[in-house]
Amino acid sequence: MNAGRVIALEGVGKRYGEAQVVRDVHLHLAEGESLALLGHNGAGKTTLIKIMLGLTRPSAGDVRICGRRPWERGFSALRARIGYLPENVMFQDGMTGRELLAFYARLKGLSSPPVPELLERVGLGAAMDRRVRAYSKGMRQRLGLAQAMLGDPVLLLLDEPTTGLDPLLRRQFYELVAERQRGGAGVLLSSHALGEIEARTDRIAIMRAGRLVACGTLAELRRQAGCPTRIRVRAAASAAEEVLASLAGFGEARPIGAGSLEFACRNGTKMELLRRVSALGELIEDVEIVPPTLEDIYDRFSETAEPQ
Ligand code: ADP
């Protein structure tokens, strides 16, 4: 793929006095690609986003956003093409949603922004002429998202974007983001909502104590993490004892109810177990394969991993 690089971080570090809060981060994002940035509170995610926006300067390393360094002249024009949704959105709440979005559009230098259309897209069509002070937390979050989408952004930096949104609005939010992505925007979002990230981003980066400890597709991280795939086997009613006896002693197994066992398969033992199970034919009533979730992988990397 030769899409351009929207983000290129090379050996980025950030120090506040004695505290080294970001260390030696190498991270790339291509046009049209999405990346989830995960990590415990204090891991350095927001600092990294601020560095990309040019709000704070790194103490070490190099940063290029669409080929430009955030601290060099000319970056402000590019900043108008970066959609940023901060973790805590604060608005002038005496204005209406429509006025506020038009205000942000002027700040970005846009001449004819599609304000009502954007507000419709985030589900604020009916509320656009109400004052923001009457908006719920979820409505403010959606207004923040509309603000980030202004000006056809080439890069979206979204810090905890789905906080306060119900499941339907979350789905609409990801549809909106995917649309921008198809239009070529790079998307970086930080989140704690691992379940929803899992199927919705191309790659996942995990930070721990300022370092990037993992970065790759879910499949790559699964391999690196070495988390077990769980295989649940349920024996046919009359065959429980026979099945349990013939599979007993195979790796890590634990009973999970009458006639059922769960095996934790590591390092290629999965296929061997499946062959053994399938050889038991009709003695087996059901088999369920449960790959490690992003939560399992995240726990592994955020607790124990050495940096990449
Ligand atoms: P995250 O977004 O992953 O929760 P942050 O990037 O906000 O993490 O913070 C990383 C670390 O940097 C934290 O220990 C935080 O206290 C520290 N930090 C962030 N901003 C500053 C600052 N302006 N001055 C000093 N320390 C800071």
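Note that the coordinates shown come from a computational prediction; the quantities given were computed from them, not determined experimentally. Indexing begins at 1, ligand by ligand and atom by atom, following the structure's order.
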Nearest protein heavy atom with distance in Å, relative to atom 20 (N) of ligand 1: Tyr16 CE1, 3.5 Å

Atom pair CG/CD1 of Leu48 and Ile7 - distance to nearest 0.5 Å: 8.5 Å

Polar contact flag for Gly44 and ligand 1 (N/O pairs, less than 3.5 Å): yes

Distance-only N or O hit between ligand 1 and Asn41, under 3.5 Å: no

Heavy-atom nearest neighbour of atom 14 (O) of ligand 1 within options Gly39, Gly42, Ala19: Gly42

Contact atoms of ligand 1, heavy-atom distance to Val21 under 4.0 Å: 11 (C), 12 (O), 17 (C)

Residues Thr293 and Glu198: side-chain donor-acceptor under 3.5 angstrom: no

Under-4.0 Å salt bridge between Glu179 and Arg121: yes

Where ligand 1 meets Ala43 - atom numbers and elements under 4.0 angstrom, heavy-atom basis: 1 (P), 3 (O), 8 (O)

Protein contact for atom 7 (O) of ligand 1 (heavy atom, distance under 4.0 Å): yes

Exceeds 12 heavy-atom contacts within 6.0 angstrom, atom NZ of Lys14: yes

Any residue meeting side-chain hydrogen bond (donor to acceptor under 3.5 Å, both in side chains) with Asn41, in chain and number order, not counting sequence neighbours: His192

Close approach, His40 and ligand 1, non-hydrogen under 4.0 angstrom: yes

Contact check, side chains of Arg64 and Glu72, non-hydrogen atoms, under 4.5 Å: no

Shortest protein heavy-atom distance from atom 5 (P) of ligand 1, along with the residue and atom involved: Thr47 OG1, 3.6 Å

N-O pairing of Asp62 and Arg69 below 4.0 Å: yes

